[in-house]
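Count residues from 1 along the sequence. Below, each value reflects all heavy atoms present in this structure, side chains not excepted, and no hydrogens, waters or symmetry copies.
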Amino acid sequence: MKVLVIGGGGRCHAIVDALARSAKVEKIYCAPGNAGIAAQAECVPLKDTDVDGLLAFAKTNGIDLTVVGPEASLAVGVVDAFREAGLRIFGHTKAATRIESSKEFAKQIMEKYGIPTAGYRAFSDYEAAAEYVKSRPLPAVLKYDGLAAGKGVVVAESYDEADAALRDMLLDDRFGKGRVVVEDFLEGPEFSLMCFVSGREVRPMVLAQDHKRAYDGDKGPNTGGMGAYSPLPFISAEDEAFALREIMQRTADAMVSEGCPLTGVLYGGLMKTRDGVKVIEFNARFGDPETEVVLPRMKSDIADMFLAVAEGRNLPEAEWHDFAVLGIVLASKGYPGDYEKGCQIKGLDRCEGTVYHMGTKSDGDRTLTAGGRVLFVAGRGLTLEQARAAALRDVERIECDNLFHRTDIGHWAIKN
């Protein structure tokens, strides 16, 4: 098969890497790709939201299957356009993508179908939202009701911090014109459960956990994720079975009932609270950086799963390796705020494990930084301790003056 992967970050590098292991895949294209993806796929200079350009490329080049990485591509209707043209594509329709693109829609679905989550209220008026937040205990959980590249959630520890976030989202339109969802604060370890979903059929992936805060000890601002690992020893088989049955399966069934069935990946950002497992958020695609630790553990051929979903066939069971994977994000200094681009990266050829490129570009034979999160350095081992040690060894081999990273990824599971 000829396969087109839409996107260009670390998640898409992991998807390309998984497809490269398939005996069924002869040629991989990636639009737009990045410096690391270019080693395994032919990069195509098209934006991931250029629906007409992507469709024309797929037709001209005889693409057999397209796999969508980013939520932005799904939200502009790339899947709808490809299906209307009779092309096979893995990903959700624009209507189904609302499970991620609208926090309020997702909350309404959970409320209607009895899917466990935090209580909430939604606001479009700043004054009303501020008054409501001030009437409630801290911390305040504030979520922009739309796509915000993983940065639209603030857990405010003070009313001043909450007020600044509300002004950002409702007065200054930092992420665009939209509403804000104010949620009850939940406590407990978070974890990610991603599933391949086709209508009512749900096939779970192995569990992962990412670390949102920028600095060691879970300090600093929220980011798109500074590292991840799999498996999770603190989530029991009973917790996992409950999450699959009462959250992921029930959500898939709900979306069928609502007339917008899921046909891609449903990502459950979940929390193990004192009152059981509850939903923090849903995403309509592979998580980033969780994908970079989950897909390396997939033993079965991912192309079979992608095709089954794209064609509406019964989904195969997925097999998984027992080894552990832990990865560390190298991010540009200043991220998630302002940061410099174009800094040279050296030493990648000395790394012994897998390095997924998140925000890089090529300049001749040089690799340069081109984003906030730049590299994802993945280590593997029989245990999480071994996997973290392997990842840290490779991090030390990489040279770039403008990168920083966390050293405590996995601390929920590794007690040292």
Side-chain angles (χ1 to χ4, degrees), residues 1-17 19 25 27-102 146-152 175-178 224 260 262-265 267 283-288 291 306 309-310 341-342 356-363 368-374:
M1 289 193 302
K2 290 182 182 178
V3 181
L4 170 63
V5 176
I6 298 175
R11 161 183 51 217
C12 293
H13 195 173
I15 293 169
V16 167
D17 185 49
L19 284 165
V25 176
K27 173 77 175 178
I28 306 172
Y29 297 92
C30 191
N34 62 37
I37 289 172
Q40 292 175 294
E42 182 176 328
C43 293
V44 181
L46 290 171
K47 289 185 177 178
D48 55 22
T49 53
D50 181 2
V51 176
D52 292 340
L54 293 164
L55 184 57
F57 178 85
K59 287 178 177 177
T60 302
N61 291 274
I63 299 299
D64 300 297
L65 171 69
T66 299
V67 178
V68 185
E71 61 273 24
S73 307
L74 299 169
V76 296
V78 68
V79 170
D80 307 69
F82 272 61
R83 287 194 185 148
E84 284 171 17
L87 297 180
R88 291 187 293 196
I89 187 166
F90 176 91
H92 306 297
T93 62
K94 187 174 182 179
T97 299
R98 286 179 298 163
I99 198 76
E100 174 175 5
S101 63
S102 171
L147 299 179
K151 303 186 190 75
F175 304 113
K177 200 75 180 170
C260 46
L262 298 168
T263 52
V265 171
Y267 167 109
N283 290 331
R285 37 70 191 181
F286 283 107
D288 191 357
T291 304
F306 286 155
V309 173
K341 297 180 183 179
Y356 293 115
H357 290 232
M358 306 181 90
T360 64
K361 67 176 182 180
S362 295
D363 177 27
L368 307 179
T369 64
R373 294 186 299 169
V374 177

Donor-acceptor contact below 3.5 Å, side chain His357 vs main chain Ala35 | no
Just by distance, do the side chain of Asn34 and the backbone of Gly36 share a donor-acceptor pair under 3.5 Å?
-> yes
Could you tell me the separation between the CZ atom of Phe286 and the CD1 atom of Ile15, rounded to the nearest 0.5 Å?
-> 5.0 Å
So which heavy atom on Cys43 is nearest to which on Gly33, and how close?
-> SG-CA, 3.8 Å
Short side-chain to backbone donor-acceptor contact, Asp48 and Ala72, under 3.5 Å = no
Value rounded to 0.5 Å, distance of OG1 in Thr49 from CG in Leu74 | 12.0 Å
Smallest heavy-atom separation, Ile6 atom then Pro70 atom, equals O-CD, 3.0 Å
Quick one: pull up SG in Cys12 and CE in Met358 and give me the separation to the nearest 0.5 Å.
-> 10.5 Å
Is it true that a side-chain atom of Thr360 and a backbone atom of Thr369 form a donor plus acceptor pair closer than 3.5 Å?
-> no
May I ask you to test the Leu87-Lys59 pair for a side-chain heavy-atom distance under 4.5 Å?
-> yes
Identify the heavy atoms of Leu4 and Leu54 that sit nearest to each other, and give their distance.
-> CD2-O, 4.4 Å
About how many Å separate SG of Cys260 and NE2 of His92, when rounded to the nearest 0.5 Å?
-> 10.5 Å
Using modelled atom types only, decide if a donor and an acceptor are shared between the side chain of Thr60 and the backbone of Ala56 within a distance under 3.5 Å.
-> yes
Residues two or more places apart in sequence or in another chain: which of them pass side chain to side chain contact (heavy atoms under 4.5 Å, CB included) with Lys27?
-> Lys2, Tyr29, Glu42
Closest approach of Phe306 to Val67 (non-hydrogen atoms, all atoms of both residues) | CD1-CG2, 3.6 Å
Looking only at non-hydrogen atoms, find the nearest pair between Cys30 and Ile37 and report the distance.
-> CB-CG2, 3.7 Å
Looking only at heavy atoms, the pair that brings Gly224 and Arg373 closest together is O-NH1, 2.9 Å
Got Leu368 and Lys341 here, is their nearest side-chain heavy-atom distance under 4.5 Å?
-> no
Please round to the nearest 0.5 Å and tell me the distance separating atom CZ of Arg88 and atom OG1 of Thr66.
-> 10.0 Å
Are Thr93 and Arg83 side-chain neighbours, meaning at least one heavy-atom pair lies under 4.5 Å?
-> yes
Reported CG-to-OG1 distance for the pair Asp17 and Thr291, which is rounded to 0.5 angstrom = 12.0 Å
